[in-house]
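Notes follow the structure.
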Amino acid sequence: MSQSPTQGRAERIEQTRSGFDVVIVGGGVNGAGIAWEAALRGLRVLVLEKGDIGSGTSSWSSKMIHGGLKYLEKYDVPLVRESLREREWLLQAAPHLVKELRFIIPFYKENAHSPAVLGLGMVAYEALSFDKSLQRFSMFTRDRLLQREPGLNPEGLTGGAIYSDAQVNYAERLSWEITEAAIRAGAQVLTHCRVTKLNVKNGKVVSVDFHDEIGGGDHTVPASAVVNAAGPWIDDVWSNAEELKLPRMNGGTKGTHLVVDPFPGAPADAFYYESEDARPMMVIPWMGRYLLGSTDIRFEDDLDMASATPDEYEYILHETNKVLPGANLTIDDVHYSYTGVRPLPYVDANNVADITRRHDIRQLPGSDGLYTLVGGKLTTFRQVGEDFADLLMKRFGLKRKSVTHKLPLPGGGQPDAAKIRAGIAGSGLPTVTIDRFVGQYGSIAADVVAFVTSSDERREVIDDEFGLTVGEVEWAITHEEAYRLADVLARRTMIGLENDLGQRVIEPVAAICARVLEWSDDRRDAEIAAYHHYLTRFIPQKEKA
Ligand SMILES: Cc1cc2nc3c(=O)[nH]c(=O)nc-3n(C[C@H](O)[C@H](O)[C@H](O)COP(=O)(O)OP(=O)(O)OC[C@H]3O[C@@H](n4cnc5c(N)ncnc54)[C@H](O)[C@@H]3O)c2cc1C
């Protein structure tokens with residue numbers, strides 16, 4: 001009889017005793033990117049993630065794969081160029097997940113940034129993306145802009161511009177695909193395993209202790225090097241290595257987005273505009289809805305429960321209604337909000353917008369073999385991985401070069417969506433399922449369809465609107481390391497990002513999980529309760545706003 005996913009995981013945890021060259025703490029885009037690079041270059045790699053892959057900051061971004069026009073204001077040309085190069089790679093490496101998005105910038109008289117400065121910025125942005133496949137930028141007169149976007153507030157409007165960046169539909173799936181690439185390259189990945197202690201002997205890292213958050217056991221894995229890629233949690237991870245006496249490294253700021261349906265005056269393209277307090281704000285079309293945001297506020301509280309305050313709702317709704325007066329949005333229009341904490345370097349700065357968005361690799365003094373990633377955007381995870389792997393190559397005396405910039409991600413093998421669709425169109429699955437599979441799985445869609453159509457039970461559709469099938473829930477568990485209800489709903493099948501946060505399918509999905517993961521009734525009930533608790537972070541607290 002073949003091994004169950006639960007048994008397989010328990011066995012892999014036991015096998016960690018034999019040790020690894022590198023243990024990576026954190027399975028966000030960056031931890032996964034480092035694992036992919038390091039495994040491809042021949043190192044024995046283990047990723048330990050306390051929650052699920054991509055369940056940290058990587059799930060809570062603006063979903064832009066961008067050069068960062070705003071970084072030009074800080075003259076951070078290397079960061080912009082690096083990000084633009086990575087954007088171009090991602091457009092080719094994961095075309096099912098990452099697509100061009102046009103951004104309109106309206107110019108208003110009262111804006112702190114003059115049209116001339118913005119125009120110059122765009123020329124520079126264009127020059128720095130000389131190798132791009134995206135459309136060029138162009139400028140609008142006031143009248144032409146209003147013709148194109150009649151919902152825009154005309155008061156004080158002087159003109160505008162349009163330029164291209166890119167958007168990832170599901171950063172959660174991107175995080176998973178990088179992880180899958182790492183696993184294919186030989187990395188071991190254990191989710192729901194929290195690093196609890198770092199063991200350093202005579203100034204050298206020797207092992208890492210971790211706790212199995214599902215099975216409940218404590219384990220020690222010998223390691224020659226440890227990379228702390230825990231995003232905004234980096235200080236927590238090192239806090240148990242008291243002998244190191246490390247300075248605080250993370251000074252993250254929290255950012256909130258609101259999810260709303262299309263509204264009167266909603267733009268066809270994204271808007272990038274200036275708020276009353278001169279901050280960059282966005283209205284972004286996303287999966288048939290809009291993301292509004294974001295805020296940028298120093299955050300010192302519980303990183304696992306960061307959520308939007310009534311003030312943030314009010315601020316974002318006010319700014320949106322100001323630039324698009326027909327919208328008239330209230331908190332009743334918000335389906336849910338999400339909040340993440342940007343992993344930024346700790347600095348004693350008052351203006352959080354001034355904190356650099358560049359990534360920094362810190363090799364810790366008095367601790368041979370310990371590395372920390374401070375910062376790092378979604379867009380640049382591959383470069384972060386390459387930089388770490390270069391350092392690790394030196395440490396282990398190896399000479400292998402990076403090849404990831406020439407590789408697609410697992411679902412990017414076939415870039416032509418029409419061909420992927422044609423390959424699975426005859427499966428008899430509903431059109432909504434087929435369409436979703438093309439954008440969600442890319443070239444892996446054929447394998448998922450073969451699995452889903454392998455039995456009548458797997459073919460069964462649980463939710464007509466989303467076209468969710470029993471088989472894809474099983475696939476998430478058997479092929480994509482999903483072990484908890486939230487993993488399946490919010491980060492693999494993606495029904496958990498629908499307007500009701502997947503609440504309509506909690507019971508049937510929990511029943512499938514219980515069958516495949518051999519849950520007791522108590523465990524199933526606990527998972528359902530945990531999912532409801534998890535949702536309290538996102539559901540608007542209407543009475544308080
Ligand atoms: C509001 C907002 C908007 C953003 N917009 C964009 C954007 O549009 N484009 C862009 O490129 N970037 C954007 N970013 C930045 C980007 O999302 C992050 O920089 C990036 O996702 C960080 O990834 P990471 O892997 O370093 O961290 P994370 O995704 O946070 O991963 C760290 C992981 O470490 C795990 N962990 C923590 N402690 C432990 C432990 N003890 N043991 C094991 N695991 C542990 C956590 O569970 C977590 O999964 C945005 C960020 C925010 C907050």
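Order of listing sets the numbers, starting from 1, for every ligand and every atom in it. Heads up: numbering here begins at 1 and tracks the sequence.
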* Any N or O of G375 closer than 3.5 Å to N or O of ligand 1 -> no
* Structure fact -> Checking heavy atoms under 4.0 Å, the part of F210 that sits near ligand 1 is neither
* Asked: When you check the side-chain N and O atoms of E319 and S275, is any donor under 3.5 Å from an acceptor?
  -> no
* Check S59 against ligand 1 and report side chain, backbone, both or neither, counting heavy atoms closer than 4.0 Å. => neither
* Asked: Parallel, tilted or perpendicular: which fits the ring planes of H219 and F210, with parallel below 30° and perpendicular above 60°?
  -> parallel
* To do: Could you tell me whether some N/O pair between S294 and ligand 1 is separated by less than 3.5 angstrom?
  => no
* Of the side chain and backbone of L48, name the one, both, or neither that has a heavy atom under 4.0 Å from an atom of ligand 1. => backbone
* Asked: Ignoring hydrogens and geometry, is there a side-chain-to-backbone donor-acceptor pair from T339 to A308 under 3.5 Å?
  -> yes
* Among protein heavy atoms, which sits nearest to atom 52 (C) of ligand 1, and what does the distance come to when rounded to 0.1 Å? -> R342 CG, 3.5 Å
* State, without any angle test, whether S55 and R484 hold a side-chain donor-acceptor pair at a distance under 3.5 Å. => no
* Asked: Which bit of H66 is near ligand 1, meaning a heavy atom under 4.0 Å away: side chain, backbone, both or neither?
  -> side chain
* May I ask you to identify the nearest protein heavy atom to atom 30 (O) of ligand 1, giving residue, atom name and distance to one decimal place in Å? => T57 OG1, 2.7 Å
* Hey, can you tell me if Y534 and F538 have their rings parallel, tilted or perpendicular (30° and 60° cut-offs)? => perpendicular
